[in-house]
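Both counts, for ligands and for their atoms, begin at 1 and track the order of listing. Given the structure is predicted, the values throughout are model-derived calculations rather than measurements.
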Amino acid sequence: MTPTPLYAFICLLSLTGTTRGHGHGMDVIKVVVAEGNDAILPCSPSTKENMEAKLFDWKKDGQKEVFMYDAGQHYNNDLSGQDEQFSGRISHFQEQLKFGNTSIIIQNTTMADSGNYTCAFPRLKPKAETFYIELVVELTLKDRAGVVSGASPRPYVSICNITDDGVQLKCELHGAFPEPMVQWQDSDGNTLRAEEPVVSVRGGRYSVILRTTVSTTRTNCFHCVAKQEKIGHAVDAEITVPKKLFEDKPCHVTSVFIGGWFSGVLTLAAAQALFVGVRYIINRRKKDPDQKSSSSCPSAKPLNSNSV
Ligand SMILES: *[C@@H]1O[C@H](CO)[C@@H](O)[C@H](O)[C@H]1NC(C)=O
Ligand SMILES: *[C@@H]1O[C@H](CO)[C@@H](O)[C@H](O)[C@H]1NC(C)=O
């Protein structure tokens with residue numbers, strides 16, 4: 001490893017916290033929780049009256065049914081209609097209802113639980129009430145030493161193919177939030193042309209695969225950089241492409257040969273030459289380890305989060 005200031009990217013996440021703020025002129029309670037932990041969303045009618053025989057309804061983002069309680073019936077017993085995302089993960093404080101405490105717990109939070117929740121008392125007298133709670137689930141990625149690091153894991157870079165056009169490099173990044181912008185760069189920090197990134201989302205986290213094809217350049221050291229501008233994070237991984245890979249042209253050899261086959265000029269000697277040639281290429285490729293991210297890259301400029 002180069003002494004890349006990995007720890008410059010580390011963002012220390014507060015584990016849980018509750019703050020009050022004003023959003024759209026109304027009181028919004030903000031709850032921050034680390035992913036995987038349980039979140040308590042607080043709520044209580046202003047009357048603080050006994051709610052055991054009353055109705056309260058929790059929703060997410062104005063539409064998803066999170067938890068409804070109606071005089072002892074609720075989503076964990078007789079009531080149906082709960083959004084699948086929350087099935088089996090919500091509980092309330094039955095003993096606290098008589099004090100007007102209609103808070104809920106969301107177990108095992110994921111990024112997808114982040115959002116704006118409402119806690120409504122539609123039948124409250126003298127007047128219905130609704131409370132607003134914003135839940136922010138933060139990533140807790142740990143590196144191998146168990147240190148909580150930033151909001152994106154380091155990309156994984158590899159050589160995935162050698163074609164007539166050059167060496168195809170692949171950068172993979174799994175489980176980032178918010179969505180990262182992924183780029184291939186040369187060692188001077190110039191952005192390289194790449195294919196369309198392949199982006200997928202699972203549990204509110206983003207995975208990105210970005211391929212590029214490089215041919216001989218002044219340098220054979222390349223970086224895959226993942227930036228999350230919103231939160232000022234950047235992580236990168238580097239790969240050194242062995243210079244001789246730029247000389248291998250297996251596709252070219254094969255296509256010339258297939259052409260020869262179909263034009264009927266294939267001779268036994270040529271077949272033997274192909275066999276020897278292919279074996280040579282295979283052997284050469286076996287000796288080149290695919291993953292070179294740990295090799296040194298002396299001219300690389302260390303990135304830091306301030307560059308975002
Ligand atoms: C409701 O009760 C729970 C469990 O005792 C407690 O943690 C929470 O702070 C209470 N919330 C309110 C709004 O009273
Ligand atoms: C909650 O709503 C506010 C205002 O519409 C929005 O800015 C914020 O991003 C939302 N929070 C989440 C976690 O979606």
Side-chain angles (χ1 to χ4, degrees), residues 11-142 146 148 151 177 203-205 231:
C11 167
L12 290 177
L13 302 170
S14 63
L15 292 185
T16 41
T18 304
T19 51
R20 264 170 194 279
H22 289 275
H24 1 257
M26 58 208 174
D27 243 1
V28 177
I29 295 168
K30 188 167 174 180
V31 176
V32 181
V33 67
E35 186 184 35
N37 286 1
D38 297 350
I40 296 185
L41 305 190
C43 187
S44 191
S46 59
T47 57
K48 305 275 188 255
E49 68 196 75
N50 184 341
M51 294 301 291
E52 285 172 317
K54 302 284 172 64
L55 170 73
F56 62 91
D57 188 19
W58 281 90
K59 284 188 179 154
K60 178 175 186 286
D61 300 327
Q63 25 133 358
K64 284 187 179 176
E65 276 294 339
V66 178
F67 189 77
M68 187 188 280
Y69 175 100
D70 189 3
Q73 292 188 310
H74 51 81
Y75 283 159
N76 291 332
N77 56 30
D78 301 330
L79 285 187
S80 60
Q82 187 177 37
D83 193 279
E84 214 171 276
Q85 179 184 342
F86 299 102
S87 176
R89 296 173 53 222
I90 310 293
S91 48
H92 68 297
F93 300 100
Q94 184 63 40
E95 275 69 52
Q96 293 281 319
L97 289 182
K98 53 171 134 2
F99 310 116
N101 182 344
T102 58
S103 308
I104 54 168
I105 300 182
I106 303 178
Q107 285 161 21
N108 196 13
T109 53
T110 70
M111 304 307 301
D113 296 328
S114 290
N116 287 302
Y117 291 74
T118 51
C119 166
F121 305 102
R123 293 184 203 146
L124 197 73
K125 297 281 174 341
K127 139 173 178 308
E129 283 180 347
T130 301
F131 294 88
Y132 299 86
I133 297 94
E134 180 178 1
L135 176 62
V136 178
V137 180
E138 293 193 325
L139 275 185
T140 48
L141 292 174
K142 296 198 173 141
V148 174
F177 184 87
R205 292 204 193 192
I231 53 170

Problem set entry | Shortest protein heavy-atom distance from atom 3 (C) of ligand 1, along with the residue and atom involved | Asn101 ND2, 3.5 Å
Exercise. Under 3.5 Å, is there a donor-acceptor pair between the Gln85 and Asp113 side chains?
Worked result: yes
For this session: Please determine, by modelled atom types, if Glu129 and Ser46 share a side-chain donor-acceptor pair under 3.5 angstrom.
Result: yes
Exercise. Is any heavy atom of the protein nearer than 4.0 Å to atom 5 (O) of ligand 1?
Worked result: yes
Seminar exercise, completed: Counting from 1 in the order shown, the ligand 1 atoms closer than 4.0 Å to a non-hydrogen atom of Ser103 are 1 (C), 11 (N), 12 (C), 13 (C)
Exercise. Any idea which heavy atoms bring Cys119 and Thr102 closest together, and the distance?
Worked result: SG-OG1, 3.8 Å
Exercise. Which class fits the ring pair Phe131 and Phe121: parallel under 30°, tilted 30 to 60°, perpendicular over 60°?
Worked result: perpendicular
Seminar exercise, completed: the protein heavy atom lying closest to atom 7 (O) of ligand 1 turns out to be Ile40 CD1, 4.1 Å
